[in-house]
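Below is one structure, written out as C-alpha cells, with a few remarks after it.
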There are 2 protein chains.
Amino acid sequence: MSNRKQVAQLAGVSEATVSRVMNGIGPIKESTRQKVLDAAKQLDYYPNDVARRFAKKQSGNIGVVLPFVPKVNLFSTFYFSEILSGIGEMLHESEYDLLLLFRDADGPKDYSRWFKTGKVDGLIILGSSDSQEERNALLQLADHHVPFCLVNQRYDEEKLSYVDGEHVSGSREMTAYLIQQGCRRIAFLNGPLAYSNSRDRLLGYRQALEEHGIEWNDQYLFYGNYSRKSGAQQAELILKLLPKLDAVYAANDRMAIGVMQTLKQAGIRPGHDLLVAGYDNSDASSVSDPPLTTVHVPFHLMGREAAKYLLRQFGCKEQPEIIQLKLDTKLIIRASTTKN
Amino acid sequence: MSNRKQVAQLAGVSEATVSRVMNGIGPIKESTRQKVLDAAKQLDYYPNDVARRFAKKQSGNIGVVLPFVPKVNLFSTFYFSEILSGIGEMLHESEYDLLLLFRDADGPKDYSRWFKTGKVDGLIILGSSDSQEERNALLQLADHHVPFCLVNQRYDEEKLSYVDGEHVSGSREMTAYLIQQGCRRIAFLNGPLAYSNSRDRLLGYRQALEEHGIEWNDQYLFYGNYSRKSGAQQAELILKLLPKLDAVYAANDRMAIGVMQTLKQAGIRPGHDLLVAGYDNSDASSVSDPPLTTVHVPFHLMGREAAKYLLRQFGCKEQPEIIQLKLDTKLIIRASTTKN
DNA sequence: GTGAAAGCGCTAACAC
DNA sequence: GTGTTAGCGCTTTCAC
C-alpha cells in the first residue's frame, strides 16, 4: 500500500501538492496536476481515510443504533430495512459512512460513548422506547451538544430532535374510516405505551370515536407487543367479545396478521364477519389473506430526513438545531375491511 | 473532550502508563492503576478510537456490501436483515465495527477501493451476482490478499471464500417431496441464472426428477427475478399449462406468493387445485394464505459464520485461508402442499 | 514498573 | 502555485 510521500517523490513535487490534487482544492498548474495523477495511478495510491479523519478530528461516520439483535424481530424487520435504506441513500452521496451500532442487550444505556471515543460524528437512533434510563441517556447526549436524531419515536416533553410519522392523524383517519364503514364497536389492539407510536395511535383512536359520538369502552382496548404472536394471543381474548364487535384495529400489521390467523382458525372470516385493520403498510400487509387495510408510513423518507438533518448539522458550527418532523401517513384500503 | 495527555498530567504519570491501564496490558502497580482510573473518570476520558486505529494501521471495520438501495426490494429484505443481524451478533463481542456499504448503482465495480483507502479490514459481500465485471472485481480482491467473503453466492471455478446454503440438496428435497405427494408435472419458476442460488436450485430440481424417473420438460421451466411481481407475471403463463400441471415450485417465497396471488385471482386454489412451494422460509411464507411449504435457509447463521471467518483472519498473519461453507437447509412443510 | 520518543499519513496554516 | 512544518492522539519499542 503506497502513501502520499511516495507519490510526491515519484511526481517530483511536495506532499502538500499531492494533497491539493487529491482533494481538488487550491490552485494547481495543470501540468503538475497531471504529474501527480500519473504518479498516483502508477503507485495505485488512494489517500488513507483513517489518517485523514484522524487529522481532521472527525470520524466521518454516522452511527445508526438498532435494538440488539434478538429484539429486532419484535418489530417488523420491514420497518428497519426501510429506514436504513433511506439513510443509506442519503449518505451515499455524502462523505459520510454508515456505522451500524447495536444497543446493548442489558447493561446501562450509554449512547455518548460512541461520541466520546470519536467513533461517530452523529447518531440516528431507531427503536428507542421510553424508560427513565433511555430518557436519561438521550438527555445526556443533548447536553453534550452532539447531533443526533430519533426516528419513529418522540419525547414530547424534551427538546430532542426526531423524525416521526403523523400517527395521531393516521390512527384517527383509520378509525374514522372504520366508523364510516358502519363499525361502532371497534376493538383496538395497541402496542406498549413506552412507544410514542402507541400513544399516538391510541389518541387518534379516541379522537375519532369522540368526533363520531361513540362512547369509549375500556373492554375494547387490548395490548400486545407488536409481534405477530402477541396479536394471535390477544385475538383469543378479542374473540370472546365477538358477537358484539364490528372491527379489530391493530397498531401494526404484524399484530393484525396474528389476529387474522386466530380469527380464521376460529372460523371467523376477517373482512366478512369482522373487519380487521393494521398499521405500517408493510410488505406483509399486501400479501396477507385478506390483504390488510392499513396506514402507510413513509419509513424510507423518514430515514432520508434524519440523515439529511445530521448532514446539515455538520455543515455549520453553531449549536445543533432541533428538528421535530412529523411526516404524512396515508390510509390504504384493502379487502380486510371492504368485503362486506 | 479530554485526551491522554491531560489524564497523564492529572494522574502524575506518563502517557505510556495511561495507555497501559486503558488497554489492560503490561504490569502496573495497583496504586498507579487507580490513580489513572480516577483521573480518567474525573476527566471523562475515553481513548480516541480514530487515533488508535490510525496508529495501529487498522480501520477496525468490517464492511458489509449491500446492493444499492432500489434493488434491495428485489430480494426479500428478510434475507438481508437476517444475514446482517447474524453478522452484527458475531461482531458485537469483537473490537470490530460494522460499516454498511452500498454497491454503486452503476459505474465500474470496485470493491478494492474500500481496502485501499483503509476504510475496512475485511469485507462481507451480499447480493453478488455473476457477471464478468463482478467476477473481475472479486478476483482482483483475491489478488490483493485481503480477507473477504461472499454470502449466499458462489463462484465454483474460483478460489473465493463463501458461506452458502446447501441449495442443491434443499431443492432436490423439495422436489422429491412434491413427487412423493403425487406430483409428476412440476413447474419450476427459477430466478436469474447469474445467481449460484438459481443454478443450484435448478440442479436440485433436475436431480430429483431424474432420480424418480420423471422426464425433463422444458415447458415447465420459467424465469422470474425473485420479486413477487415477477412471480405473479410468470404465473399467467403457468396458468396456461394448467390442466396438465400438479405443482408449481418457485425458487423463493416472494415469487411463490406472487404465483399464489395470480392463481387465486384465476379461481385456482393453491394447495387444493395445484400445489405451490417456495424457498427461503421467510416471514411471509408462514403468514401467506395458504402458508407456504418452503426450504429453511439459515441466513442468520450464515452471517455469523462469515463474520467469524473474517475475525479469524485478522488473528493470524499468514495468507488468508479460504473457506467454502455450505450450511444445511431444511424442508418446511405447510398447507400449500398438504391440503390435498 | 515506568518513562521517553519515534512514528502512523494525513490537514491546515503559513511562508515564499 | 508550491513547499515546509507543526500537529492530530494514539501504539510501539526501547531504555532505565
Side-chain angles (χ1 to χ4, degrees), chain A residues 1-37 39-40 43-61 95 97 113 115-121 314 317, chain B residues 1-37 39-40 43-61 95 97 113 115-121 314 317:
Chain A
M1 210 114 297
S2 55
N3 62 23
R4 198 178 57 175
K5 192 180 218 160
Q6 298 168 26
V7 176
Q9 235 148 26
L10 181 63
V13 299
S14 72
E15 290 193 46
T17 299
V18 176
S19 275
R20 284 192 262 264
V21 172
M22 298 311 291
N23 295 318
I25 51 170
I28 292 283
K29 222 201 299 174
E30 183 54 26
S31 65
T32 54
R33 214 181 80 87
Q34 273 310 327
K35 270 193 300 186
V36 170
L37 254 24
L43 293 172
D44 196 28
Y45 166 70
Y46 287 74
N48 184 294
D49 229 44
V50 180
R52 156 176 242 200
R53 286 164 175 197
F54 170 55
K56 295 188 94 151
K57 300 209 249 188
Q58 291 194 132
S59 71
N61 291 327
E95 292 256 86
D97 287 316
R113 72 177 187 283
F115 284 102
K116 289 177 187 157
T117 58
K119 253 195 216 312
V120 304
D121 300 332
F314 299 148
K317 292 262 160 273
Chain B
M1 211 116 297
S2 55
N3 62 22
R4 198 179 57 175
K5 192 181 218 160
Q6 298 167 28
V7 176
Q9 236 148 25
L10 182 62
V13 299
S14 72
E15 291 194 44
T17 298
V18 176
S19 277
R20 284 192 261 264
V21 171
M22 297 313 289
N23 295 319
I25 51 170
I28 291 284
K29 221 200 299 172
E30 182 55 27
S31 64
T32 55
R33 216 180 79 85
Q34 273 312 326
K35 268 193 301 188
V36 170
L37 257 23
L43 293 172
D44 196 29
Y45 167 69
Y46 287 73
N48 184 294
D49 230 43
V50 180
R52 153 176 245 205
R53 287 164 174 195
F54 170 55
K56 296 189 94 148
K57 301 208 249 188
Q58 294 193 135
S59 71
N61 290 328
E95 292 255 88
D97 287 316
R113 72 178 188 283
F115 284 102
K116 289 176 186 156
T117 57
K119 253 193 215 310
V120 304
D121 299 332
F314 300 147
K317 291 264 159 270

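Reminder, nothing fancy here: chain letters follow the sequence lines and each chain counts from 1. Note that the coordinates shown come from a computational prediction; the quantities given were computed from them, not determined experimentally. The figures here come from the full heavy-atom set of this structure, side chains too, leaving out hydrogens, waters and symmetry mates.
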So which of Gln6(A), Arg4(A), Lys5(A) actually passes side-chain contact (heavy atoms from CB on, under 4.5 Å) with Ser2(A)?
Gln6(A)
Based on the rotation axes of five pairs at each end, what angle does the helix from dG1(C)-dC16(D) to dC16(C)-dG1(D) bend through, to 10°?
30°
Could you tell me whether the side chain of Asp121(B) and the main chain of Gly60(B) form a donor-acceptor pair under 3.5 Å?
yes
What is the distance, to the nearest angstrom, from the NZ atom on Lys116(A) to the C1' atom on dG9(D)?
18 Å
Would you say CD of Glu95(A) has more than 12 non-hydrogen atoms from neighbouring residues, nucleotides or ligands within 6.0 angstrom?
no
Considering all heavy atoms of both residues, which atom of Val7(A) and which atom of Val36(A) are nearest to each other, and what is their separation?
CG1-O, 4.1 Å
Contact string for nucleotides 3-16 of chain C, one letter per nucleotide 5' to 3', B = base within protein heavy-atom range under 4.0 Å, S = sugar-phosphate only, - = neither, reads BB---BBBB-----
Start with the C-alpha gap between Arg52(A) and Asn23(A), add the side-chain angles, then the distance that decides, and say whether side chain to side chain contact (heavy atoms under 4.5 Å, CB included) holds.
CA-CA 11 Å; Arg52(A) 156 176 242 200; Asn23(A) 295 318; 2.6 Å; yes
Considering all heavy atoms of both residues, which atom of Ala11(A) and which atom of Ala39(A) are nearest to each other, and what is their separation?
CB-CB, 3.8 Å
Without placing hydrogens or testing angles, list every side-chain donor-acceptor pair under 3.5 Å for residues 43-51 of chain B, not counting sequence neighbours.
from	atom 1	to	atom 2	distance (Å)
Asp44(B)	OD2	Lys116(A)	NZ	3.4
Asn48(B)	OD1	Val50(B)	N	2.8
Asn48(B)	OD1	Ala51(B)	N	2.8
Asp49(B)	OD2	Lys119(A)	NZ	2.8
Asp49(B)	OD2	Arg53(B)	NE	3.1
Asp49(B)	OD2	Arg53(B)	NH2	3.2

CG/Asn3(A) to CD/Glu15(A) distance, rounded to the nearest 0.5 angstrom?
7.0 Å
